[in-house]
Amino acid sequence: MRFSKLFGKTLRQAPAEAESVSHQLLLRAGMIAQEAAGIYSYLPLGWRVLKKIENVIREEMDKAGGQELMLPVLQPFELWQQSGRYVSFGKSLFTLTDRKEHTLALGPTHEEVITDLVHRYVQSYRELPLLLYQIQTKLRDEPRPRGGLLRVREFIMKDLYSFDADEAGLDESYQKMSQAYTNIYARLSLPTLVVEADSGAIGGKDSHEFIVLTEGGEDEIIHCSNCGYAANAEKAQFAKKKSNAAAPLSLEEIATPETKTIEEVSGFVGVPPSQTLKAVFYFSDGEFVFVVIRGDLEVNETKLRNALKCAELRPATESEVIEAGLVAGFASPIGIKGVKVVADDSITTGFNFVVGANKLGYHLRNANYPRDFQVDLMTDIALARVGDSCPKCRSKLSLSRGIEVGHVFKLGTFISEKFGASFLDNDGKSRPIVMGSYGIGLGRLLAAIVEQSHDDKGIIWPFSIAPYQVYLCPLNLEKSAVLPTAEKIYRELQKAGIEVLFDDRDDSPGVKFNDADLLGIPLRLTLSPRTLQSQSIEAKWRTEKETQLLPLENLTVQLKKLLDETLRSQS
Ligand SMILES: [Zn+2]
């Protein structure tokens, strides 16, 4: 490719709205262009990278036994009603009405369509297992698109669905996919961490994320350096300390004027926050919910949303709290009626808690569950924090930020049952197909690679996915032999199948070198009057400072050897 003909321009400065490093560099390198919030075009250079990533993914999916197909973007809305997931997806699901007044959804994911399809074709256990995948555009009405390609509304995704006869089969498919993902990231020279994840709106059981640890990431990862436990903060657990066991004492009202927060109450009464119970109020799909948790802990809203199985969860306003018959700041689970109470299991870790008396200026001492109050739901809804104890080994947990570049789910029979997707086992008995779902967002993966691999001059592409392998950079084109020699090298390299970007622009060395660094092409070849004098060309790897001179004679053969070695060492 001739740089002079290349569509897209490099920019000296990133536009002010570009927040993340990958967003800035991809815009500056002319690889992507923004059309609207969370909607991007890939320009030729960016598209070449994306196609290479796509090929790596496709090869690994095929190697794992996946069959590629293509499902529609336009999906009958009835399928989303059938699965019930139009509720959990809520406003993230784009819908439209066609000329016959039928509602259609624009696919944010394809579990519904593919389960409906498999339901119509698969009848016997002999047809299982099945691994079906596609690489296709998805649409999601993200509330907060951000970070360039990191969180967008239209994106290309590889989604594979596994269909098995039983849980053991699912485990095997899950294992196979996890291995395929590990292979993909290795081929892209991208270090990832596998963490336990929340299944979110997709629903299901086991779920893991592949995370690239980087400052710019929006996911929070809780991990233990001692035993390797790692989980998304939305899902992370921790060992809740038990208080020194004491016998339950009898309930006692105490005046606590001017004490509303847990700190004020614990200070006033003279007990640690862990000896108090905190009340927090939410609205869950229009229903008022009273949450009670130990005073030293915070509510994890993702865990709470999952426990309540609700689509919308928001904190209740003060007037809603009063309307529910509670005294804000002094609310109590003791003696309340007609309100749903959800408790974190931390309230069972001790005795004799201080809790509100539901009376202005008063608290109760020695509150004990279940003696003094009942709850509708008791589970883990607490947020794990830095310094909490690891659930596996009790060491201190730490927190890092990262980008999710892959997600694997064990769906189980949750969706197949809704679609009647069943098969006859070898006893002739009908059973629901056991499903898994496995996704990789290609654009986010591309952005994560840039977040991970760059310097202050620009992008450093791993060799396997660089838009071109070689940046051919002749200098001082007005000097007689430079341009014709460069043209000749360009033709020879192309003939040898080497991907080369030929900077044939009549620009200064500074401009050309800056662009070469910004675009991040692995090998730069500089031809100048000086190198020409010694019948050589200067070679410089993007990752190294030193240069070396290669003789022009047999240049193609030498280069091919050099590039093949590099490719081998990186894969
Ligand atoms: Zn641990």
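Just so we're clear, the structure is a prediction, and the values are computed from it rather than from any experiment. Below, each value reflects all heavy atoms present in this structure, side chains not excepted, and no hydrogens, waters or symmetry copies.
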Quick one: does any side-chain atom of [X] pair with a main-chain N or O of [Y] as donor and acceptor, under 3.5 Å?
X: Asn300; Y: Ala233; result: yes
X: Arg542; Y: Ile459; result: yes
X: Asp455; Y: Gly458; result: yes
X: His208; Y: Gly406; result: no
X: Glu196; Y: Lys235; result: no
X: His454; Y: Val450; result: yes
X: Tyr40; Y: Phe155; result: no
X: Arg153; Y: Asp141; result: no
X: Asp376; Y: Val342; result: no
X: Gln24; Y: Ala18; result: yes

With a sphere of 6.0 Å drawn around [atom1] of [X], does it hold more than 12 non-hydrogen atoms of other residues, nucleotides or ligands?
X: Glu312; atom1: CD; value: no
X: Glu35; atom1: CD; value: yes
X: Glu320; atom1: CD; value: yes
X: Arg12; atom1: CZ; value: no

Modelled atom types, side-chain donor and acceptor of [X] and [Y], under 3.5 Å:
X: Gln452; Y: Thr214; value: no
X: Asn232; Y: Asp219; value: yes
X: Glu59; Y: Asn55; value: no
X: Tyr282; Y: Glu301; value: yes

Item to check | Qualifying side-chain hydrogen bond (donor to acceptor under 3.5 Å, both in side chains) pairs, either residue in residues 156-173, two or more places apart | outcome: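 For residues 156-173: Gln134-Asp159, Lys138-Asp159, Lys158-Tyr181, Asp159-Tyr161, Ser162-Tyr438, Asp164-Ser173, Glu167-Lys205, Asp171-Lys410.
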Checklist entry - What pairs of residues pass the side-chain hydrogen bond (donor to acceptor under 3.5 Å, both in side chains) test when at least one of them lies in residues 458-467, not counting sequence neighbours? => result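 Passing the test, one end in residues 458-467: no pairs.
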Within the 4.5 Å heavy-atom criterion, are [X] and [Y] side-chain neighbours or not?
X: Ile440; Y: Val405; result: no
X: Glu142; Y: Val152; result: no
X: Glu112; Y: Phe419; result: yes
X: His102; Y: Pro76; result: no
X: His223; Y: Ser400; result: yes
X: Tyr121; Y: Glu127; result: no
X: Pro15; Y: Leu27; result: yes
X: Ile222; Y: Val195; result: no

Carboxylate-amine/guanidinium contact [X] [Y], below 4.0 Å:
X: Glu111; Y: Lys418; answer: no
X: Glu218; Y: Arg144; answer: no
X: Arg58; Y: Asp62; answer: no
X: Asp504; Y: Arg2; answer: yes

Hey, could you give me the [atom1]/[atom2] distance between [X] and [Y], rounded to the nearest 0.5 Å?
X: Glu19; Y: Ser22; atom1: CD; atom2: OG; result: 9.5 Å
X: Leu50; Y: Leu45; atom1: CG; atom2: CG; result: 13.0 Å
X: Ile381; Y: Thr302; atom1: CD1; atom2: OG1; result: 12.0 Å
X: Leu304; Y: Cys310; atom1: CG; atom2: SG; result: 6.5 Å
X: Glu60; Y: Ile57; atom1: CD; atom2: CD1; result: 10.0 Å
X: Leu501; Y: Leu493; atom1: CG; atom2: CG; result: 12.0 Å

Checklist entry - After noting the C-alpha distance and the side-chain angles of Gln469 and Leu567, does the key distance pass the side chain to side chain contact (heavy atoms under 4.5 Å, CB included) rule? => result CA-CA 10 Å; Gln469 300 165 333; Leu567 187 58; 5.7 Å; no
Which pair of heavy atoms, one from [X] and one from [Y], lies closest together, and at what distance?
X: Gly107; Y: Gln75; result: CA-NE2, 3.3 Å
X: Ser437; Y: Leu411; result: CB-CD1, 3.6 Å
X: Val289; Y: Ser284; result: CG2-CB, 3.8 Å
X: Phe283; Y: Ala316; result: CD1-CB, 4.0 Å
X: Thr115; Y: Ser416; result: CG2-CA, 3.8 Å
X: Arg401; Y: Gly217; result: NE-O, 2.9 Å

Next on the checklist: Tell me which one of Phe77, Phe94, Trp80 satisfies ring pair (Phe, Tyr, Trp, His ring centres under 6.0 Å) with Tyr86.
Outcome noted: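 That would be Phe77; it is the only one of Phe77, Phe94, Trp80 passing the ring pair (Phe, Tyr, Trp, His ring centres under 6.0 Å) with Tyr86.
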Checklist entry - So Phe290 and Phe281, would you call those rings parallel, tilted or perpendicular, with 30° and 60° as cut-offs? => result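 Answer is perpendicular, since the angle exceeds 60°.
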Checklist entry - What orientation do Phe210 and Tyr185 show, parallel under 30°, tilted 30 to 60°, or perpendicular over 60°? => result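 The rings of Phe210 and Tyr185 sit tilted, inter-plane angle from 30° to 60°.
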Item to check | Option passing side-chain contact (heavy atoms from CB on, under 4.5 Å) with Val118 (candidates Leu128, Leu132, Val113) | outcome: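 It is Leu132; the other options fail the test.
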Checklist entry - Can Met31 and Leu446 be said to form a side chain to side chain contact (heavy atoms under 4.5 Å, CB included), step by step? => result CA-CA 11 Å; Met31 300 216 174; Leu446 184 153; over 6 Å; no
Item to check | Test log, rule side chain to side chain contact (heavy atoms under 4.5 Å, CB included), inputs Arg140 and Thr109 | outcome: CA-CA 9 Å; Arg140 275 182 211 180; Thr109 177; 4.0 Å; yes
Checklist entry - Stepwise, does the salt bridge (charged side-chain N to carboxylate O under 4.0 Å, His left out) test hold for Lys52 with Glu499? => result CA-CA 13 Å; Lys52 289 189 176 186; Glu499 298 172 21; 2.5 Å; yes
Next on the checklist: Between Arg151 and Arg444, does the side chain to side chain contact (heavy atoms under 4.5 Å, CB included) criterion hold? Intermediate values first, please.
Outcome noted: CA-CA 7 Å; Arg151 187 163 289 277; Arg444 187 189 288 173; 3.9 Å; yes
Item to check | CA sep, side-chain torsions, deciding dist, call: Asp515, Thr10, side chain to side chain donor-acceptor pair (under 3.5 Å) | outcome: CA-CA 7 Å; Asp515 278 350; Thr10 56; 3.0 Å; yes
